[in-house]
Amino acid sequence: MRIGIAATGTVLLLAGASALALGLGAFDAFGALSGRPLLDPAVGRFTGDHAWFLPALAGAAELLALTGQLWLVVQGRAVVHHWWPDLDPETRGRARAAADVLNRDVRGLPGVQDVRVRLTGTANKPRLRLNVSCAGDTLLSEVYGELGAGPVERYRRATGMPDLPVVIRFRPVSERPRRRRRRPRPETA
Amino acid sequence: MAETLVKDLIEEAQGRQQARRLAVREFRPRRASAGFAAALLLTASGGVAAIELLAAALGSAVHPVPGVAPVVDVLRGYAWADPDVLVVAGGVAALGTAFLLAALPGRLRGIPLAGDDPRLAGVIGRAALRRALADAALDVPGIERARVRGLGVLRRGLVVRATTCYRNPANSAELVQRAIGARLDRIEPMHRPAVDVRLGWRKD
């Protein structure tokens with residue numbers, strides 16, 4: 001993803017900078033290029049003389065368009081699999097049953113108030129995502145350790161995915177107002 | 001015995017390293033909108049160019065894509081040195097720079113938690129961590145206001161601004177520091193941030 005974005009950015013930056021340099025007369029040493037039209041008639045003459053040029057350019061543009069489409073499909077697939085995992089019905093059923101048990105187990109941990117469980121990804125690259133809401137002063141390190149050792153491990157066993165990566169996002173809930181009320185001062189006589 | 005101990009230590013270190021890698025992979029910003037915009041731009045520009053170039057290669061004088069004919073007329077009428085062209089060129093360069101900036105790794109979406117399970121990645125949001133630490137500071141007797149800043153791009157550490165209702169703060173700053181340290185111990189982030197406590201007190 002990042003490489004594609006960087007490549008697109010580099011091409012755009014180079015194109016924009018070259019056009020700016022051309023317009024500002026940086027290449028005028030090779031002739032008065034900055035005064036020539038954007039769609040130069042010389043380009044038309046060149047394509048007329050070289051019959052292979054336009055089809056080759058069209059092929060390159062088509063490849064570019066296909067790459068873009070493929071990239072869009074890959075991104076769309078990732079978004080869809082984030083919400084609807086691409087798993088067979090049997091695994092999905094096992095995961096649903098295991099999620100209920102996991103939900104119950106996690107809520108039993110000290111300080112945990114709420115939990116949301118979601119299995120995402122594909123059969124080859126699944127992910128278990130947990131959103132855990134807990135009290136502000138929860139011993140997170142302990143809850144995190146216990147989660148990994150107990151409930152999550154049982155979930156992995158139940159779904160038959162021993163190497164399932166698990167991503168846990170903790171959301172401590174603060175119940176206190178940001179500013180403590182000022183204590184009334186003793187009245188002076 | 002000693003061999004087992006060393007083996008355990010090595011395995012634990014490896015586990016921590018792999019857990020850190022998983023956390024970085026999972027919590028790195030996805031840049032989904034930049035990726036979508038780049039892919040859309042690539043598809044649209046490539047598709048339009050391919051159709052138009054194929055039509056030109058086949059000797060057609062008609063522009064198959066609607067709206068291209070006026071654009072071609074405009075391109076014929078403008079020179080490279082025209083101010084409008086320079087503005088558009090600057091815009092394209094700026095867009096390219098924006099894409100390049102979006103491709104930078106960026107900071108993680110939250111503070112990863114310490115752990116040695118390579119299949120487990122935990123995170124707590126920056127705002128949530130700051131709130132939790134402010135709550136810890138407010139638990140110190142005499143502290144009536146606490147604000148935590150930091151964990152940003154420029155300021156990596158934490159700055160805790162606490163105000164006490166006492167005229168003589170005595171060791172309140174140390175107590176706040178201890179309370180923040182204890183709360184960080186309870187949360188156990190992967191990289192423990194430096195904490196700078198600045199205490200204010202009544203001057204009247």
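Lettering follows sequence order; numbering is per chain, from 1.
Taking chain A as the reference chain and counting heavy-atom pairs below 4.5 Å, the highest number among Gly47(B), Pro118(B), Gly46(B) is found for Gly46(B). Between chain A and the options Ile51(B), Val48(B), Leu113(B), Leu54(B), the largest number of non-hydrogen pairs under 4.5 Å is found for Leu113(B). Considering only heavy-atom pairs separated by less than 4.5 Å from chain B, the leading option among Gly145(A), Ala58(A), Ala60(A) is Ala58(A). Ranked by heavy-atom pairs under 4.5 Å with chain B, the list Thr47(A), Thr8(A), Val152(A) is led by Thr8(A). When Leu140(A), Leu64(A), Leu139(A) are compared by the number of non-hydrogen pairs under 4.5 Å with chain B, Leu139(A) comes out ahead.
Listed for the Gln75(A) side chain is a donor-acceptor partner under 3.5 Å among the backbone atoms of Phe36(B). One N or O on the side chain of Arg2(A) and one on the backbone of Leu104(B) form a donor-acceptor pair closer than 3.5 Å.
When heavy atoms are compared at a cutoff of 4.5 Å, Leu58(B) does not approach chain A at all. Using a 4.5 Å cut-off between heavy atoms, Asp116(B) does not touch chain A at all. With a threshold of 4.5 angstrom between heavy atoms, Val72(B) approaches chain A through its backbone and through its side chain. For Leu14(A), no part lies under 4.5 angstrom from a heavy atom of chain B. When heavy atoms are compared at a cutoff of 4.5 Å, Pro105(B) approaches chain A solely by way of its backbone atoms N, CA, C and O. Residue Thr138(A) touches chain B through its backbone alone, counting heavy-atom pairs closer than 4.5 Å. Only the side chain of Arg127(A) has a heavy atom closer than 4.5 Å to any heavy atom of chain B. No part of Leu66(A) comes within reach of chain B, as not one of its non-hydrogen atoms sits under 4.5 angstrom from that chain. Looking at Ala127(B), neither its backbone nor its side chain comes within 4.5 Å of chain A, counting heavy atoms on both sides.
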message = As a quick check of understanding, evaluate side-chain contact (heavy atoms from CB on, under 4.5 Å) for Val167(A) and Phe27(B), giving each step before the final call.
response = CA-CA 9 Å; Val167(A) 179; Phe27(B) 303 127; 3.4 Å; yes

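For the pair Arg109(B) and Arg169(A), the tightest heavy-atom approach, listed with the atom from each and the gap, is O-NH2, 3.1 Å. Considering every non-hydrogen atom in both Arg119(B) and Glu153(A), the closest pair reads NH2-OE1, 3.0 Å. The minimum heavy-atom distance between Leu12(A) and Gly96(B), with the atom names listed, is CB-CA, 3.6 Å. Here the closest non-hydrogen pair linking Gly148(A) and Leu120(B) is CA-CD2, 3.5 Å. Taking all atoms of both residues into account, the shortest heavy-atom contact from Thr43(B) to Gln69(A) is OG1-N, 3.3 Å. Taking each heavy atom of Gly9(A) and Leu100(B) in turn, the nearest pair found is C-CG, 4.0 Å.
In this structure, Cys134(A) SG and Ile124(B) CD1 are separated by 7.0 Å, a value rounded to the nearest 0.5 Å. Residue Trp71(A) holds its CH2 atom at 9.5 Å from CG of Leu41(B), rounded to the nearest 0.5 Å. Atom CD1 of Ile5(A) is separated from atom CG of Leu101(B) by 11.5 Å, given to the nearest 0.5 angstrom. Between the CD1 atom in Ile187(B) and the OH atom in Tyr144(A) there is a gap of 14.0 Å [rounded to 0.5 Å]. Atom-to-atom distance recorded for His82(A):NE2 and Arg30(B):CZ is 8.0 Å, nearest 0.5 angstrom. We find the CG-CD distance between Leu53(B) and Glu62(A) to be 10.5 Å, quoted to the nearest 0.5 Å.
With a 6.0 Å radius and a threshold of 12 heavy atoms from other residues, nucleotides or ligands, Arg156(B) has its CZ atom at or below the threshold. Dense packing is recorded around CG of Leu9(B), with more than 12 heavy atoms of other residues, nucleotides or ligands lying under 6.0 Å away. Within a 6.0 Å sphere centred on CZ of Arg28(B), heavy atoms belonging to other residues, nucleotides or ligands number more than 12. Crowding of Arg77(A) atom CZ: a count of heavy atoms from other residues, nucleotides or ligands under 6.0 Å not exceeding 12. Atom CZ of Arg161(B) has 12 or fewer heavy atoms from other residues, nucleotides or ligands within 6.0 Å.
Listed in order of number, the residues of residues 77-93 of chain B that approach chain A to under 4.5 Å between heavy atoms are Tyr78(B), Ala79(B), Trp80(B), Ala81(B), Val85(B), Leu86(B), Ala89(B), Gly90(B), Val92(B), Ala93(B).
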